[in-house]
**Q** 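Questions regarding the structure given below will be posed in turn.
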Number of protein chains: 2
Amino acid sequence: MERLFHSVRITINDKLYVKDPESSNLGKRIVEESILMINDIGFESFTFKKLGQKIGSNESSIYRYFENKHKLLLYLASWYWGWLEYQLVFATNSIPNANTKLERAIEIMTQATEIDLAFTHINEILLNKIVINEYSKSYLTKEVDQENKEGYFVIYKRLVNRMSLMINEVNPDYPYSSSLASTIIEGALHQHFLMDHFSSLTSCNKKTTPTEYFKHLVFNTLNIK
Amino acid sequence: MERLFHSVRITINDKLYVKDPESSNLGKRIVEESILMINDIGFESFTFKKLGQKIGSNESSIYRYFENKHKLLLYLASWYWGWLEYQLVFATNSIPNANTKLERAIEIMTQATEIDLAFTHINEILLNKIVINEYSKSYLTKEVDQENKEGYFVIYKRLVNRMSLMINEVNPDYPYSSSLASTIIEGALHQHFLMDHFSSLTSCNKKTTPTEYFKHLVFNTLNIK
DNA sequence: CAAATATAATAGTATTACTATCATATTATA
DNA sequence: TATAATATGATAGTAATACTATTATATTTG
């Protein structure tokens, strides 16, 4: 299975980069090391100048790949959601039973990424942490409507919609499938954040996982016992 | 009732300001106009220099009230959550029935702020919008643990805990009350954001409110019909 | 009215987020 | 293999940001 993942390529909106980072060694190093660095010092403190120093390259060279760090974040996030989408589709498409399928989907969407499937230069564990800590900043902006029109969030939207459809399959009469889908995906990120920084605001911990919480939430809400 | 609200004063951690903005006319203008301005141009573009120009004051004078715009955001958010907490307690404390009480609590936490109760210089409608669009940025930082220790998030935490207790009153056996409480509060902000910018990711709209969605979610999850 | 305090004005600094230009590698192709 | 094309690196420069420091001028208070 790992081998299979190796050969998958996640297609990302080409407006998010100036030059495709997958097309060169430097590009891959930019992506690889930016993940480590954003995870390390946080998105606010992260700059192209610092990244250049770290990878022994030049600030101006990084600008030839990404217009600015905001677009780099959107690129990384798209990659992450694309990767999750792939896992979701791969793991659920052969499941005939709607309940079992939704259950598996919730697992995939709410689990902490624990295994690095070694997608060459991308560390999925750290990328998952970046998404938990920084993803909101990519859309909580004044430019969100314009950027949404440009298609910067398509993968994320497709993912929420897939979840929504699976919810509908389980209970076609449930009237809030889109909201429930977005609540699971965004809420899972939030619960993971709370586990790390505000433990009194979550019931989740090492024993009780967000997955358990969301499964209970969803299946009770849908009136499936 | 409006008159009553007038006399309420929300107590905010005094580490969040250098000089209490409630203590002078300039301080109040800073708070008042910063709300308008952040709402208008967004937190990223907002600067103390611009604010000074708008209120006919000087950048350096604003720094005598707030160390930086991050602390100003924390101050505004604390004020907002304190104000919501007041409304929550006021509206629910006399309700004896646990279900009715939780129902009323969900209404208060998930409704869009529509009426400006004219808390003198603070526009609650705009402040609610700021919280929807900017609040996450106040805690998605590398300094969150330190700032949490300093008590910058106490009001928010108290509010989530109040919700959690009300959930427990309805169903003492429900094992995820803290997570459900944080899901309602954070999730409500998120659903409002989606209504404004990603309508395909939410089932909520003018007719179907987030309040309706969350009531259904909570009472079904708690197995109360 | 003097003293204390608050506010305003101005200047200055380090950093950020770029853009532009030119030099030098590396790679492709004729 | 020479040359052209392209990629990368080095350096410089700019406007804005996020402050700090100092001094001047109001305003308030005792």
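Proteins come first, then strands; the chains are lettered A, B, ... in the order of their sequence lines, and each starts at number 1. None of the values given here were measured: they were computed from a predicted structure.
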**Q** Please report, rounded to the nearest Å, how far the P atom of D/dG9 is from the CG atom of A/N25.
**A** 11 Å
**Q** Do the rings of B/H190 and A/Y139 sit parallel, tilted or perpendicular, given the 30° and 60° boundaries?
**A** tilted
**Q** Classify the ring geometry of B/F198 against B/F193: parallel below 30°, tilted from 30° to 60°, perpendicular beyond 60°.
**A** tilted
**Q** Atom CD of B/E67 to atom P of D/dT20: distance rounded to whole Å?
**A** 8 Å
**Q** Please determine whether the number of non-hydrogen atoms from other residues, nucleotides or ligands lying under 6.0 Å from atom CG of B/N25 exceeds 12.
**A** no
**Q** Rounded to the nearest angstrom, tell me the gap between atom NZ in A/K19 and atom P in D/dG9.
**A** 11 Å
**Q** Phosphate oxygens OP1/OP2 of D/dT8: is one of them under 4.0 Å from a side-chain N or O of A/S57?
**A** no
**Q** What is the separation between atom CZ on A/R64 and atom P on D/dT8, rounded to the nearest whole Å?
**A** 8 Å
**Q** Do B/K69's NZ or CZ and the ring of B/F43 fall within the cation-pi criteria of under 6.0 Å and 45°?
**A** yes
**Q** Round to a whole Å and report the spacing from NZ of A/K28 to P of D/dA7.
**A** 15 Å
**Q** Without hydrogens or angle criteria, can the side chains of B/Y65 and B/S24 be said to hold a donor-acceptor pair below 3.5 Å?
**A** yes
**Q** Distance check needed: D/dT27 P versus B/N58 CG, whole Å only.
**A** 15 Å
**Q** With a non-hydrogen cut-off below 4.0 angstrom, is B/Y65 in contact with a base, only sugar-phosphate, or nothing?
**A** sugar-phosphate
**Q** Can you give the first and last nucleotides of DNA chain C, 5' to 3', that have an atom under 4.0 Å from a heavy atom of chain B?
**A** C/dA6 to C/dT10
**Q** Does the pair A/L26 and A/I55 meet the rule for a side chain to side chain contact (heavy atoms under 4.5 Å, CB included), with working shown?
**A** CA-CA 9 Å; A/L26 178 61; A/I55 65 178; 4.1 Å; yes
**Q** What I want to find out is whether B/K137 reaches B/E44 closely enough, with some N-O distance under 4.0 Å, to be called a salt bridge.
**A** yes
**Q** So which of A/E33, A/E59, A/E32 actually passes salt bridge (Lys or Arg N to Asp or Glu O under 4.0 Å) with A/K54?
**A** A/E33
**Q** Check the orientation of B/Y80 and B/W83. Use parallel for under 30°, tilted for 30 to 60°, and perpendicular for over 60°.
**A** tilted
**Q** Hey, can you pull the residues of residues 37-56 of chain B with a non-hydrogen atom under 4.0 angstrom from DNA chain D?
**A** B/T47, B/K50
**Q** Judged by each residue's nearest nucleotide on DNA chain D, which is more toward the 5′ side, B/H70 or A/S61?
**A** A/S61
**Q** Categorize A/S60 for me: base, sugar-phosphate, or nothing, with a 4.0 angstrom heavy-atom threshold over every strand shown.
**A** base
**Q** Using purine N1 to pyrimidine N3 plus N6-O4 or O6-N4 for Watson-Crick, or N1-O2 and O6-N3 for G-U wobble, each under 3.5 Å, what pairs with D/dT6?
**A** C/dA25
**Q** Return the value, rounded to whole Å, for the distance between atom CG of B/L72 and atom C1' of D/dC19.
**A** 15 Å
